Amino acid sequence: MNSFMRDLIAIDLGTTNTLIYSRGKGLMVDEPSVAMLKRDTRKVVEVGEKAKKLFDRHGPEFEMFRPLRDGVITDFEVLSAMLRLFLNKVPRRFSLMRKAFVLAVPVGITPVEKRALSEAAKKAGAGEVFFVQEPIAAAIGAGLRIDQPVGRMVIDIGGGTTEVAVVCNFAVSCCESLSIAGDELDDAICRYVREQYNVEISPTMAESIKIRAGSANESDQKVKIRIRGTDKITGELKELAISGEEIREAIHKPVLSIVSAVKRVLEKAPPNATSDVAEEGIWLAGGGALLNGWQNLFYRELGVEVNISNDPLRSTIRGIGEAAEKFKFYQNVFYNGNLPRYD
């Protein structure tokens with residue numbers, strides 16, 4: 001395993017973004033997990049940032065496609081092709097030999113999903129495939145000492161899944177994985193605008209609205225933004241003003257689902273671990289951590305302080321990279337069997 005890890009390529013294959021880290025080189029790829037396909041052949045012609053920029057601007061012969069949804073593979077062939085094109089952006093010497101790939105995966109991943117990811121990675125050029133559980137990677141990326149007998153809670157809010165976990169002694173003590181995350185918030189905003197204003201907006205527009213005016217908690221700041229969408233009746237472009245309060249109302253249900261999951265994990269955690277979390281606070285990671293209001297909301301609901309990981313969008317890949325660079329210390333977090341090895 002040590003020989004494999006010398007030239008390791010770490011991958012955070014997220015629903016929203018794909019990040020690739022090369023041991024000894026650092027972060028090499030950070031682009032949207034989207035592909036542009038030809039409709040007739042389903043051949044991938046562009047991926048990542050270039051594909052996203054062409055959204056709604058390409059002809060009918062092309063289709064925008066996300067090969068991952070809610071953390072689950074929706075198209076194996078497209079995923080493999082997308083990953084291969086991303087890997088072409090890594091320095092050429094890495095494509096000349098088959099290297100070890102390490103993939104960040106949810107704790108609740110099934111054997112079937114794990115096998116599909118492993119096969120997609122091997123088709124893209126991997127010689128050996130290992131896994132790291134996302135909460136472990138996010139905790140390392142947040143700078144937490146996971147080697148200590150202290151319970152630390154990490155909430156990793158990605159695009160497709162949210163991982164709520166208590167981490168201790170290189171292992172996940174207890175965890176809950178939700179298919180409610182950034183994408184669900186975007187969908188909720190789309191539904192709200194459609195139902196309240198009879199206007200259709202794209203998920204990309206909803207994401208922009210969430211970033212500009214979204215909040216998980218009530219705020220004294222009064223925000224109002226102007227957006228454009230398609231009137232469902234006339235089919236014409238329509239402009240409307242939407243307030244921060246409306247956005248908070250739109251995303252209220254999925255936000256509360258995440259809070260409820262945190263409460264359930266704390267209830268399941270060993271008493272000493274719960275005490276540790278109460279003392280040290282909760283750490284937020286993932287792109288969803290950037291939503292305003294989480295800290296006030298969790299303190300109101302749980303009475304626990306919340307810390308935002310530095311650069312939360314890259315917490316997971318930074319954690320895998322750190323573990324790869326210090327492989328001997330973190331070797332027990334890598335696994336390729338059915339269960340993590342903590343021997």
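This is a predicted model, so every value here is computed, not measured.
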Search all heavy atoms of [X] against all heavy atoms of [Y] and return the closest pair with its distance.
X: Ala285; Y: Ala138; value: CB-CB, 4.1 Å
X: Pro135; Y: Val167; value: O-CG2, 4.2 Å
X: Ser309; Y: Pro312; value: O-CD, 3.1 Å
X: Ala250; Y: Ile189; value: CB-CA, 4.3 Å
X: Ala104; Y: Asp12; value: CB-OD1, 4.3 Å
X: Asn310; Y: Ser315; value: O-OG, 4.2 Å

Give a yes or no on this: more than 12 heavy atoms of other residues, nucleotides or ligands lie within 6.0 Å of atom CD of Glu49. yes
Mark yes when over 12 heavy atoms from residues, nucleotides or ligands other than Tyr197 sit less than 6.0 Å from its OH; otherwise mark no.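 Yes, enclosed.
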What is the distance from atom [atom1] of [X] to atom [atom2] of [Y], rounded to the nearest 0.5 Å?
X: Asp276; Y: Asn272; atom1: CG; atom2: CG; value: 6.5 Å
X: Leu284; Y: Ile155; atom1: CG; atom2: CD1; value: 5.0 Å
X: Asp186; Y: Glu207; atom1: CG; atom2: CD; value: 5.5 Å
X: Ile201; Y: Ile209; atom1: CD1; atom2: CD1; value: 4.0 Å
X: Ile251; Y: Ser257; atom1: CD1; atom2: OG; value: 12.0 Å
X: Ile317; Y: Ile20; atom1: CD1; atom2: CD1; value: 8.0 Å

By side chain to side chain donor-acceptor pair (under 3.5 Å), which residues pair with Thr15, not counting sequence neighbours? none
Looking at side-chain heavy atoms only, is the closest gap between [X] and [Y] below 4.5 Å?
X: Tyr335; Y: Gln133; value: yes
X: Val164; Y: Met153; value: yes
X: Phe62; Y: Glu46; value: no
X: Glu218; Y: Glu245; value: no
X: Val72; Y: Leu68; value: no
X: Ile136; Y: Phe170; value: no
X: Glu119; Y: Phe76; value: yes
X: Leu117; Y: Val105; value: yes

Side chain to side chain contact (heavy atoms under 4.5 Å, CB included) assessment of Leu87 paired with Arg84: CA-CA 5 Å; Leu87 286 166; Arg84 191 162 54 247; 5.6 Å; no
Considering residues at least two apart in sequence or located in another chain, which fulfil the side-chain contact (heavy atoms from CB on, under 4.5 Å) criterion with [X]?
X: Arg191; value: Glu184, Asp187, Ala188, Arg194, Glu195
X: Glu280; value: Val150, Arg152
X: Ser118; value: Lys122, Val129, Phe131
X: Asn292; value: Ser215

Report, one line per pair, each donor and acceptor closer than 3.5 Å where one atom sits in a side chain of residues 260-269; sequence neighbours left out.
{"residue": "Ser260", "atom": "OG", "partner": "Leu256", "partner atom": "O", "Å": "3.0"}
{"residue": "Lys263", "atom": "NZ", "partner": "Glu301", "partner atom": "OE1", "Å": "3.1"}
{"residue": "Arg264", "atom": "NE", "partner": "Glu176", "partner atom": "OE1", "Å": "3.1"}
{"residue": "Arg264", "atom": "NE", "partner": "Glu176", "partner atom": "OE2", "Å": "3.0"}
{"residue": "Arg264", "atom": "NH2", "partner": "Glu176", "partner atom": "OE2", "Å": "2.4"}
{"residue": "Lys268", "atom": "NZ", "partner": "Cys175", "partner atom": "O", "Å": "3.4"}

Who else is in the cluster with Leu290 when I, L, V, M, F, W and Y are joined by side-chain contacts under 4.5 Å? Leu313
List, by chain and number, the other hydrophobic cluster members for Val154, where Ile, Leu, Val, Met, Phe, Trp and Tyr join if side-chain heavy atoms come within less than 4.5 Å, directly or indirectly.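 Members other than Val154 - counting any ILVMFWY side chain reachable under 4.5 Å - are Leu144, Trp283.
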Only one of Lys52, Met82, Lys89 passes side chain to side chain contact (heavy atoms under 4.5 Å, CB included) with Glu31; say which it is.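 In the set Lys52, Met82, Lys89, the residue that makes a side chain to side chain contact (heavy atoms under 4.5 Å, CB included) with Glu31 is Lys89.
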In this structure, would [X] and [Y] fall into the same cluster of hydrophobic residues linked by side-chain contacts under 4.5 Å?
X: Val47; Y: Val29; answer: yes
X: Ile9; Y: Leu79; answer: yes
X: Ile157; Y: Val107; answer: no
X: Leu291; Y: Ile211; answer: no
X: Leu178; Y: Phe298; answer: yes

Using side chain to side chain contact (heavy atoms under 4.5 Å, CB included), reason through Leu19 and Ile11 one step at a time and then give a plain yes or no. CA-CA 6 Å; Leu19 299 94; Ile11 302 171; over 6 Å; no
Just by distance, no angles: are the side chains of Glu305 and Tyr299 close enough, under 3.5 Å, to form a donor-acceptor pair? no
Hey, could you give me each pair passing side-chain hydrogen bond (donor to acceptor under 3.5 Å, both in side chains) that has a residue in residues 154-165? Not counting sequence neighbours. Asp156-Thr316, Glu163-Ser177
Could you go step by step and tell me if Trp294 and Ile258 meet the side chain to side chain contact (heavy atoms under 4.5 Å, CB included) rule? CA-CA 11 Å; Trp294 283 121; Ile258 293 173; 4.0 Å; yes
Would you tabulate the side-chain donor-acceptor contacts of residues 233-241 under 3.5 Å, counting partners in other chains and residues two or more places apart, or write 'none'?
{"residue": "Thr234", "atom": "OG1", "partner": "Glu236", "partner atom": "N", "Å": "3.2"}
{"residue": "Glu239", "atom": "OE1", "partner": "Arg228", "partner atom": "NE", "Å": "3.4"}
{"residue": "Glu239", "atom": "OE2", "partner": "Arg226", "partner atom": "NE", "Å": "2.8"}
{"residue": "Glu239", "atom": "OE2", "partner": "Arg226", "partner atom": "NH2", "Å": "3.3"}

Lys/Arg N to Asp/Glu carboxylate O, Lys326 vs Glu322, below 4.0 Å: yes
Using salt bridge (Lys or Arg N to Asp or Glu O under 4.0 Å) as the criterion, list what pairs up with Asp183, not counting sequence neighbours. Arg66, Arg69
From the options Gln295, Arg248, Arg300, select the one residue that forms a side-chain hydrogen bond (donor to acceptor under 3.5 Å, both in side chains) with Asn217.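 Passing option: Arg300.
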Keeping the roles fixed (side chain from Ser33, backbone from Gly14), state whether a donor-acceptor pair exists under 3.5 Å. yes
When you look at Leu302 and Ile282, which way does the side chain to side chain contact (heavy atoms under 4.5 Å, CB included) test go after all the steps? CA-CA 10 Å; Leu302 303 170; Ile282 293 170; 4.1 Å; yes
Partner set under ring pair (Phe, Tyr, Trp, His ring centres under 6.0 Å) for Tyr330, not counting sequence neighbours: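 Once residues adjacent in sequence are excluded, Tyr330 has no partner under the ring pair (Phe, Tyr, Trp, His ring centres under 6.0 Å) criterion.
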May I ask you to check if Arg42 and Phe65 form a cation-pi contact, with NZ or CZ under 6.0 angstrom from the six-membered ring centre and within 45° of the axis? yes
